[in-house]
Amino acid sequence: MAAHRCSFSAVLFALWGLSLLTVARGQEATLEGNDRTAVVDNPESVAGAAEQAAGQPAAEDRRWEATAVEEVSPTEAGGGSDSPAPKPAASPPSVPRPKDDFQEELVIRPLHSGDIYTSFQFRTLWETDFTRENKVSHYRLFPKSLGQVISKFSVRELHISFTQGYWRTMQWGQPYLPSPPGAELWVWFQDSLTDVDGTWKELTNVLSGIFCASLNFIDSTNTVQPSASFKPLGIGNVTDHRFLRYATLPREIVCTENLTPWKKLLPCGSKAGLAVLLKSEKLFHSSFHSQAVHIRPVCKDDQCKTTSWELRQTLNVVFDLHNSGQGKNEWSLFKMFSRTLTEACPVASSSKIYIDITDNSQGEQFELSPATPLLSQAVVLGDRRTFSVYDLTQQITFGTMRSLNLLIRGKSSQGDMLRPLLHAERYVAGYGLQTGEIHTLMYNNHPYRSFPVLLLDSVPWYLRLYIHTLTVTSKGKDNKPSYIHYQPSKDRVRPHLLEMLVQLPPNSVTEVTLQFERALLKWTEYTPDPNHGFYVGSSVISSLVPSIVAMDTNNSRERPLFSSFFPSKEESSYFVRVYTEPLLVNLPTPDFSMPYNVICLTCTVVAVGYGSLYNLLTRSFQIEEPSPGLAKRIANIIRKMRGVPPL
Amino acid sequence: YINIYSGHTNNWAVLVCTSRFWFNYRHVANTLSVYRSVKRLGIPDSHIVLMLADDMACNHRNPKPATVFSHKNMELNVYGDDVEVDYRGYEVTVENFLRILTGRLPPSTPRSKRLLSDDRSNILIYLTGHGGNGFLKFQDSEEISNVELADAFEQMWQKRRYNELLFIIDTCQGASMYERFYSPNLMALASSQVGEDSLSHQPDLAIGVHLMDRYTFYLLEFLEDIHPASKTNMNDLFKVCPKSQCVSTPGHRTDLFLRDPGSVLITDFFGSVRKVELTMETINLTDPIEQLESGELQKEMHTYADQLPVSEIIHQKPKQKDWHPPDGFILGLWTLILLVFFQTYGVKHLKHIF
């Protein structure tokens with residue numbers, strides 16, 4: 001389905017609407033001069049709106065100053081606050097935010113192995129209430145297809161991701177947004193919904209049409225209701241897990257047909273702004289590609305009395321040094337995406353590129369050009385990182401060539417990457433097609449602190465788990481989990497669900513082992529390529545990991561998008577989710593190629609083998625006189641007729 | 001009175017590739033090249049149902065990901081940047097194909113997966129894959145026979161789901177698939193006769209497989225010359241890929257078609273008709289619904305949920321399970337126990353219980 005986006009006419013309509021608003025407000029201010037609140041609010045709003053309508057750069061200059069640090073080197077700026085605001089009064093609460101707001105950003109992080117990690121985030125905020133009686137009918141920046149999905153299916157939160165490849169934590173560090181291989185969908189429904197299972201089935205079908213993916217294969221055999229993991233990421237105080245559904249399709253592939261509708265959800269489409277870089281031929285030629293859509297309600301402002309809906313579209317790519325980089329540690333926007341940037345999206349209020357230069361304080365790791373005076377610091381993944389910022393809304397960023405092509409030239413890589421504090425592995429052990437064992441290893445690399453992790457395992461019903469063989473060992477000793485929730489599977493109805501809260505001791509490996517038996521499927525249940533194997537979805541490990549610097553618990557402040565995805569409640573730890581590898585297990589598969597020959601052979605063997613045995617067992621031998629010659633037989637017949645005894 | 005105008009108001013296309021596995025790359029390339037031509041000539045994605053049984057573009061064996069080439073030396077990427085596949089992977093089955101044609105889909109099927117044609121629709125159906133005398137193989141595990149296909153078209157005719165239908169098939173012995181048609185207004189083309197094999201065109205040494213089948217290759221070449229306003233007719237389409245180029249003999253069937261093929265334009269099926277109505281009257285647009293300010297109504301402050309509330313989790317009470325009446329097995333077991341008890345001890349002991 002083609003979603004038509006007329007960005008130019010939308011911009012015109014927006015400008016026309018804004019000018020109408022300023023005229024209307026101006027009239028109101030003159031008419032209601034007595035009202036104190038009107039006088040206080042309206043002049044500022046008139047001023048703000050007038051400024052907005054008159055010149056975009058003026059209002060935005062004020063906003064950029066709040067986050068930019070002028071020429072301060074990272075070592076000096078350790079003032080305690082994470083994003084320095086030299087003029088606190090400059091973050092204006094009285095500038096009226098437009099009803100919907102779009103921001104885009106790109107974060108580039110050169111990795112120690114020579115690869116490069118890029119993360120796009122597009123966020124649309126919209127103050128509206130989908131759950132109200134009067135239906136929303138006027139969509140501007142928020143895509144209509146998703147808005148209708150939210151209101152029709154009473155969705156409170158929706159998270160869907162499509163990933164190709166596996167995130168290698170030990171080589172690349174932690175991602176800003178984790179995702180498992182394949183497709184993953186988890187949804188929190190509103191608590192006013194009565195039939196959650198029926199709505200879930202319809203929702204998966206509708207999403208399969210929107211994203212051109214086979215999400216309609218999500219049914220009760222791969223859906224689970226986690227009881228402690230996957231708490232809502234948006235605001236809300238209801239955590240009754242009856243309204244949560246989680247499903248993964250590890251076999252799902254991601255290709256251009258998933259990227260096309262994803263791009264069409266953006267306000268500017270792929271025609272302006274950062275989305276022009278999203279060319280499928282380069283994006284899928286990578287080690288890791290993940291695109292996701294996250295919808296959740298967030299706080300509108302600091303007081304958090306009202307909510308607005310946030311739609312985040314994220315795209316994470318890791319380009320490989322040898323595949324895309326041709327072996328040279330020299331990356332540029334043109335080399336990665338075969339495009340350069342020429343303008344920001346006109347409807348975006350903020351459009352920025354962040355390059356992570358924390359490990360490059362003296363320029364020893366890589367060289368970045370063109371140079372930029374803007375620097376920013378943010379606390380993300382428990383660490384304070386420094387970023388060079390390129391602001392695409394400023395014309396000066398594009399220089400004389402009117403196009404921005406960032407160049408990151410790597411020098412000899414020195415030093416090791418900081419070891420990630422938590423990572424996990426999983427594999428299947430055993431031999432043969434009858435039994436096996438699942439091993440999950442969780443590594444805690446912190447030298448002295450232990451922290452709890454919540455392990456969620458969803459295993460399909462055709463691997464029959466023996467829960468009595470579950471063992472959790474750390475450092476050779478038994479480690480009893482403080483919480484276990486196990487829901488056994490039902491053949492062809494429900495998968496296994498295992499959730500455990502395990503305390504990982506410092507600097508240790510915790511191993512969880514579980515034995516299983518493989519089931520024999522009915523012959524119609526095999527896929528057309530059964531010898532490929534059957535997938536078991538990734539385990540999810542959610543944890544609060546101790547952070548190196550204090551996290552910012554004020555979740556409503558303006559922060560770069562990549563640091564504000566997971567809300568943090570305490571300063572000493574941050575929330576992280578790690579996904580393990582999916583497993584590929586072979587089930588006992590019949591030979592589908594020669595049924596006729598097999599039947600013939602089997603029947604022959606059965607007939608010959610069983611038949612002869614039966615004869616041997618049941619045949620009885622009787623003695624029989626040899627039959628007399630023909631003359632004697634005729635003579636016997638005549639004698640019988642005469643009544644004389646035979647010869 | 002001979003009707004030379006088609007009288008259709010909308011165009012649909014159902015393009016199906018039925019083969020799985022990497023060495024059947026050419027079937028996916030066939031379908032995508034027809035998809036590309038049909039899109040170029042004007043049929044929008046919402047009117048195309050594209051079914052690909054396997055993913056070749058992002059297959060791990062593809063040396064150039066997100067591309068599917070039709071010409072060797074990688075001249076033409078038929079996958080492109082703007083493609084929407086409606087049925088992919090395991091969803092391409094005989095049942096789904098017949099359900100699309102007859103319109104009998106479950107109610108929750110999204111619009112992009114439905115063939116919403118009416119009695120003024122011209123439909124193009126293109127099938128490719130491995131076939132034999134009277135059947136077409138779907139995904140190496142099931143087949144559709146020519147009788148089933150003919151019956152499906154008859155159902156479509158009874159339900160008035162098409163005005164005219166063009167059926168193109170590129171498989172071995174493809175002409176057997178249209179032998180059994182009996183509904184009116186059907187025109188069919190096949191790449192080979194019964195007893196002949198359709199052959200593939202050229203391999204590409206970098207990708208390692210054959211890229212296209214011969215018939216569709218020359219069909220693509222023919223279609224590249226067509227533009228939305230061209231007046232080429234069906235007789236030229238029947239001449240595509242003669243035996244010298246195709247090695248097999250393409251066949252066609254027009255006896256069920258009411259119009260003369262010489263008056264049928266290629267764009268009647270491959271292009272798209274848009275009916276435009278001009279009006280001079282002004283239409284008043286209603287104002288958008290005003291959002292009422294509800295800021296003063298809710299006073300309570302919202303908070304973000306705690307992502308890993310350890311103490312809450314440890315002290316979680318087990319969920320109150322819904323009470324189900326006892327299952328048949330439990331009832332039977334208790335009945336047996338009671339029967340055995342009363343048999344051994346006699347009924348007079350009942351008074352001790354009650």
Side-chain angles (χ1 to χ4, degrees), chain A residues 1-2 99 127-129 134 136-138 164 201-202 205-206 208-210 212-214 216-217 227-228 231-237 239 251 253-257 260-261 279-281 283-285 299 303-307 452 454 482-483 501 527-529 542-544 555 566-567 569 575 592, chain B residues 20-21 44-46 50 52-55 57-59 64-67 77 79-91 93 106-113 138-142 288-289 291-292 294-295 298-310 312-314 316 318-319:
Chain A
M1 302 278 289
K99 286 287 206 174
E127 291 159 32
T128 182
D129 195 354
N134 47 344
V136 178
S137 62
H138 181 60
Q164 174 201 65
K201 189 86 190 97
E202 284 182 30
N205 276 315
V206 165
S208 85
I210 294 177
C212 287
S214 25
N216 44 327
F217 284 129
S227 64
K231 297 271 183 227
L233 285 171
I235 60 176
N237 39 14
T239 49
R251 188 81 198 264
I253 43 173
V254 195
C255 210
T256 313
E257 64 247 22
T260 309
K279 289 293 156 204
S280 57
E281 283 189 25
L283 286 181
F284 291 102
H285 198 53
C299 292
Q303 278 80 35
C304 211
K305 293 270 189 339
T306 46
T307 70
L454 190 59
S482 29
Y483 170 80
L501 184 69
T527 55
D529 52 351
S542 324
S543 166
L544 282 172
N555 292 308
F566 288 114
K569 285 274 198 178
F575 180 73
F592 291 104
Chain B
R20 177 165 275 276
F21 305 123
D45 270 315
S46 52
L50 178 62
L52 298 179
D54 201 0
D55 167 57
C58 288
N59 198 317
K64 299 208 78 181
T67 58
N77 175 16
Y79 196 56
D81 221 4
D82 185 16
V83 57
E84 290 185 11
V85 181
D86 302 305
Y87 286 83
R88 59 182 199 164
Y90 299 130
E91 291 179 288
T93 57
S108 52
T109 317
R111 284 179 71 106
S112 59
K113 288 185 164 180
F138 265 70
Q139 292 222 41
D140 211 27
S141 66
E142 47 182 5
I289 297 176
Q291 301 287 334
L292 298 168
S294 69
Q298 301 154 288
K299 284 293 187 188
E300 82 272 13
M301 190 160 147
H302 300 279
T303 48
Y304 286 95
D306 204 352
Q307 288 301 304
L308 194 70
V310 177
E312 214 180 279
I313 291 173
I314 294 177
Q316 221 174 26
K319 273 193 305 211

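Lettering follows sequence order; numbering is per chain, from 1.
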Is chain A contacted by the side chain of [X], its backbone, both, or neither, given a heavy-atom distance below 4.5 Å?
X: B/Ser141; value: side chain
X: B/Arg88; value: both
X: B/Pro309; value: side chain
X: B/Tyr87; value: neither
X: B/Phe138; value: neither

Which bit of [X] is near chain B, if near means a heavy-atom gap under 4.5 Å: side chain, backbone, both or neither?
X: A/Phe284; value: both
X: A/Ile210; value: neither
X: A/Leu501; value: side chain

Practice item. Could you tell me the separation between the CG atom of A/Leu544 and the CG atom of A/Leu454, rounded to the nearest 0.5 Å? Key: 10.0 Å

**Study point:** Modelled atom types, side-chain donor and acceptor of A/Glu281 and B/Asn77, under 3.5 Å
**Key:** yes

Point to revise | A/Ser542 and A/Lys231: CA distance, side-chain angles, deciding distance, side-chain hydrogen bond (donor to acceptor under 3.5 Å, both in side chains) verdict | key: CA-CA 10 Å; A/Ser542 324; A/Lys231 297 271 183 227; over 6 Å; no

Check your understanding: Is there a side-chain contact between B/Leu52 and B/Leu50 (heavy atoms, below 4.5 Å)?
Key -> yes

Exercise for review: Could you walk me through whether A/Ser227 and A/Tyr483 pass side-chain hydrogen bond (donor to acceptor under 3.5 Å, both in side chains), step by step?
Suggested key: CA-CA 11 Å; A/Ser227 64; A/Tyr483 170 80; 2.8 Å; yes

Check your understanding: Any idea which heavy atoms bring A/Pro232 and B/Ala305 closest together, and the distance?
Key ->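 Heavy-atom minimum between the residues: O-CB, 3.7 Å.
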
Point to revise | Presence of salt bridge, A/Asp529 and B/Arg20, under 4.0 angstrom | key: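 Salt bridge: yes.
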
Point to revise | Option in B/Val85, B/Thr67, B/Asn59 with maximal non-hydrogen atom pairs under 4.5 Å from chain A | key: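 Among B/Val85, B/Thr67, B/Asn59, the one with the most close pairs to chain A is B/Val85.
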
